[in-house]
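The structure appears right after this line, and notes come after that.
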Amino acid sequence: MLAGVVMASAETTLYRYRVQLKDKAQTTYSLDRPEEFLSSRAIERRTRQGLRVDSTDLPVCDAYIRRLVELGGTFVSASKWNNTVLMQTDNEQTAARFLTNPFVESVRKVWVSVDSMAPHAKDRKKGITDKWSEVDDVYGVGGPQIRMHHGDSLHLAGFRGEGMVIAVIDAGFYNADAVKILQNVRVLGTHDFVDAGSDIFAEHDHGMKVLSCMATNRPHVMVGTAPGAAYWLLRSEDNTSEQPAEEDNWAAAVEFADSVGADIVNTSLGYFAFDNARNNYTYRQLDGHTSLMSASASHAADKGMLIVCSAGNSGTATWKKITPPADAENVLTVGAVDGMGVNAVFSSVGNTADNRVKPDVMAVGVHSAVVSGNGGTAYANGTSFASPIFCGLAACLWQACPWLTVCELIDVIHKASDRYAYPDNIYGYGVTDIWKAYRLALERKGNDGK
């Protein structure tokens with residue numbers, strides 16, 4: 001694609017616009033040549049699940065982007081699934097010029113540069129102590145959050161995520177490249193969709209904690225739920241403000257994850273309220289498609305990719321409800337329980353506007369074991385950690401049962417959960433017995449003759 005991102009300076013106010021395109025009429029790509037825009041792994045994933053490459057897979061037209069650049073915009077990112085382009089300019093009149101093009105459906109301002117940004121910590125690695133304690137449990141501090149789902153049974157059967165690729169879309173992975181406890185994690189690559197020139201390992205530590213729930217593999221210290229998987233680390237969250245452009249960042253990130261062949265995406269991010277309240281979502285918009293982020297997540301299953309996302313932490317706030325993209329169709333939305341399986345009061349509730357059950361399942365989100373930025377183990381609260389804990393288990397299950405489609409995988413997870421017969425808007429289908437899900441999948445395979 002075309003030029004990269006230009007970040008704001010203190011003297012210049014910059015704007016970003018979401019340009020909705022009408023078509024892909026001038027594309028130079030063809031559905032007959034998917035290898036030009038998808039990896040072989042992404043194509044194989046579709047083929048395995050009986051899914052076709054379709055027009056939404058075609059990249060946004062370069063000719064259209066070039067024209068927007070000629071009119072004064074700088075290309076930031078694009079979403080081929082939604083056929084949108086994120087363009088940056090220092091002149092708001094540029095947006096009016098965008099609209100003069102016959103291929104443009106609409107233009108919406110989604111970002112204004114902030115006046116100042118907090119500087120990154122200097123010498124970030126100096127804070128690393130790499131201190132931890134060993135315990136008798138082979139899983140270390142991660143044992144309880146794995147055993148709640150009988151994930152240890154799946155691990156003992158040899159399914160620890162090997163061969164699976166998980167993309168983590170988050171806010172940053174502070175010191176994840178340097179702490180010893182994560183040195184044996186298989187990271188396939190990184191990409192920053194907020195600032196292409198940024199170091200994601202110098203950004204927020206939220207993503208590092210999320211990653212640790214799945215990827216850590218230090219016996220008797222901490223073992224995650226999918227220690228054998230490989231990971232892509234992607235940044236879409238801009239911590240300097242809360243603006244709709246972060247949804248565009250996320251859309252670009254999830255499509256990148258698809259294109260490189262990720263099987264599963266974990267995202268512990270969500271947006272319902274923004275700095276400008278006029279952009280806030282309403283309950284009736286929790287339909288899986290109004291939010292750009294939710295629309296993208298709803299597309300993922302059509303590409304054979306599972307999205308696992310946090311429900312949100314608004315249970316005691318005025319909003320209370322799940323946070324997009326948790327309302328998306330055919331995704332696994334994870335709420336939080338404590339170590340006894342009791343709902344965490346902060347865990348956001350469902351259902352969706354069209355009355356689909358949400359959250360889907362629950363996992364430990366109270367006193368969740370994580371790795372901290374100093375390289376030691378710690379504990380944290382939030383559906384942000386319940387999501388990756390369960391995501392890793394889902395990856396192990398899919399490794400064990402590769403014949404399942406995304407929707408079939410979600411279905412067996414639902415059926416293996418302790419409230420499947422009577423789901424509600426607090427627990428959803430409940431706490432999943434992942435070993436039971438494995439046995440149900442084997443039974444389905446036998447019945448289907450696969």
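Numbers here simply count residues along the sequence, with the first being 1. Because the structure is predicted, anything quoted here is derived from the model rather than measured.
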Q: State whether Arg33 and Glu36 are salt-bridged, where the test is any N-O pair (Lys NZ or Arg NE/NH1/NH2 against Asp/Glu carboxylate O) under 4.0 Å.
A: yes
Q) Is the side chain of Lys321 donor-acceptor paired with the backbone N or O of Asn351 at a distance under 3.5 Å, no angle test? A) yes
Q | N/O donor-acceptor pair under 3.5 Å between Asp23 side chain and Ala25 backbone | A | yes
For the pair [X] and [Y], name the ring-plane relationship: parallel under 30°, tilted 30 to 60°, perpendicular over 60°.
X      : Y      : result
Phe272 : Trp319 : parallel
His206 : His204 : perpendicular
Trp81  : His299 : tilted

Q.
So Leu404 and Val412, do their side chains get closer than 4.5 Å, heavy atoms only?
A. yes
Q: With the side chain counted from C-beta on, respond yes when Val337 and Val342 share a heavy-atom pair under 4.5 Å apart, and no when they do not.
A: no
Q) Are Asn91 and Thr89 linked by a side-chain donor-acceptor pair shorter than 3.5 Å? A) no
Q) Is the cationic atom of Arg419 (NZ for Lys, CZ for Arg) positioned less than 6.0 Å from the six-membered ring centroid of Tyr427 and within 45 degrees of its normal? A) yes
What's the separation between atom [atom1] in [X] and atom [atom2] in [Y], rounded to the nearest 0.5 Å?
X      : Y      : atom1 : atom2 : answer
Leu71  : Leu99  : CG    : CG    : 10.5 Å
His289 : Asp354 : NE2   : CG    : 7.5 Å
Asp192 : Leu233 : CG    : CG    : 11.5 Å

